[in-house]
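Everything below concerns the one structure shown next.
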Amino acid sequence: MTKPISTRTQNIAASLTVAIDTMAKQMIADGKDVVSLGAGEPDFPTPEPIRAAACKAINDGKTRYTAPVGILEVREAVANKLRTENAIEYEPSQIIMTSGAKHAIFNALAALINPGDEIIIPSPYWVTYPELVKWLGGTPVIVNTTIESGFKLSPEALRNACTDKTKAIILNNPCNPTGATYTKQELAGLAEVIVEKDIYCISDEVYEYFVYNTAFCSAAAFPGMPERTIVVNGFSKSHCMTGWRIGYDAAPAPIAKIIGKIQGQATHHPSNVAQYAALAALQMDKSHVNEMLAAFKRRRDYMVSQVSEIVPEPVRPPEGAFYLFAPVSTFYGKSTPSGKVIGGSVELCSYLLESEGLAIVPGAAFGDDNCVRFSYAASDKTLQQACERFKRGLQSLK
Ligand code: GLU
């Protein structure tokens, strides 16, 4: 066949977080000695009430099509969660259940982007944002933040990045990969600019429960924001449901309608069974979340202290999520025992995987080649092994 395939698709990069996770899991399946802090995938099991609800749903015959937007009960439960936990009002008709938060971001961007529209993305960013924007015909406008500013976007930087073509900003709070978490006051400053510039906000809040020293606040909880904010969330991280692929968009009514239409054509709806599982997740108390939060806080402190022992630059303790984004550029230019020169984060991570069997993600995937990302949503033993391998690998560089 000689006909060219989609140019738009050829121009997007594969997800490096997904690629590294897939590769590490395959290496482990092949019997190789690999320790993976690649993907952000909680090591806890899906809580029992959720598994039981899914089994019941299957046995009750909830195995047929649902409406494209999802079943009413779960959309009501999401609306109730947003009202009671986040003080934001979205009607059940404004909620669309999706196949995970990534799919919810895709839906939101697909509903908003016209060719050439600019989408502001603070950097470091989650790998997927710029690629989805490009895929859908938009232009990602990357706005760099610095470690000194806690990797946070300022209202001034946002204002300066806005042009006549700006359609939306993607805010990820808490942030993957940096763990930066905006305070209510900081978010209020950004919300003011978003309203002033009359742009949309896609607020990815998938790590909302994992904040260590600030209270979480939704970007939609400010005057003028609900009518322009699409809240994205999912159950993968909060309820250890990565493989279930279930999340949602909460969107202003006209956008919710369009997302429902997109979904009706693209996937019909997320799994009926997973929707009942999500309903059970929303009905549970938060004791499992509190347990995870305590474990992640302890693991965060462990990782920061261990990585600080080997990395000369200051390592910033993340305020939220479960990733450590550590600076490693002082090792660039050094040679591996086999004589290869480490040019950047991709080469460093390849070297660590090959020589030490340690899977971590290069900062280049997140727009910052000076750093590497560790996921500490892994057992204490795995973290300990990972730190030993990281230290040994870096100490072997000359
Ligand atoms: N969101 C997780 C991560 O960043 C899972 C992999 C992915 O979807 O990117 O590691």
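Every number for a ligand or one of its atoms is a count from 1 in the order of the listing. Values below: all heavy atoms of this structure, side chains included; hydrogens, waters and symmetry mates excluded. A quick note: this is a predicted structure, and the numbers were derived from the prediction, not measured.
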### Message
I need the atoms of ligand 1 closer than 4.0 Å to a non-hydrogen atom of Gly40, numbered in the order shown.
### Response
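Close to Gly40: 2 (C), 3 (C), 10 (O).
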
### Query
Which ligand 1 atoms are under 4.0 Å away from a heavy-atom of Tyr323?
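Reading through ligand 1 atom by atom, the close ones are 2 (C), 3 (C), 4 (O), 10 (O).
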
### Ring center gap for Tyr207 and Phe322 short of 6.0 angstrom
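Yes; Phe322 has its ring centre under 6.0 Å from that of Tyr207.
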
### Message
Could you check, using the six-membered ring where one of them is a Trp, whether Tyr65 and His268 have ring centers closer than 6.0 angstrom?
### Response
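For Tyr65 and His268, the ring centres are under 6.0 Å apart.
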
### Task
In plain terms, say whether Arg389 and Asp33 are close enough for a salt bridge, that is, a side-chain N and a carboxylate O under 4.0 Å apart.
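Asp33 and Arg389: salt-bridged.
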
### Message
With the threshold set at under 4.0 angstrom, would you say Asn176 reaches ligand 1 through any of its heavy atoms?
### Response
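It does; at least one heavy atom falls under 4.0 Å.
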
### Task
Would you sort out whether Thr17 and Arg373 count as a side chain to side chain contact (heavy atoms under 4.5 Å, CB included), showing the intermediate values?
CA-CA 10 Å; Thr17 48; Arg373 190 194 80 171; 3.7 Å; yes

### Query
Closest non-hydrogen protein atom to atom 7 (C) of ligand 1, residue and atom name please, with distance?
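Checked against all protein heavy atoms, atom 7 (C) of ligand 1 sits closest to Thr17 OG1, 3.4 Å.
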
### Task
Give the residue and atom name of whichever protein heavy atom lies nearest to atom 8 (O) of ligand 1, and the separation in Å to one decimal.
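Answer for atom 8 (O) of ligand 1: Lys102 NZ, 3.0 Å.
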
### Task
Give the intermediate values and the outcome of side-chain hydrogen bond (donor to acceptor under 3.5 Å, both in side chains) for residues Glu131 and Ser15.
CA-CA 9 Å; Glu131 304 311 311; Ser15 164; over 6 Å; no

### Query
Looking only at non-hydrogen atoms, which of Arg373, Lys237, Glu41 approaches atom 2 (C) of ligand 1 most closely?
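Selected option, by shortest heavy-atom distance: Lys237.
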
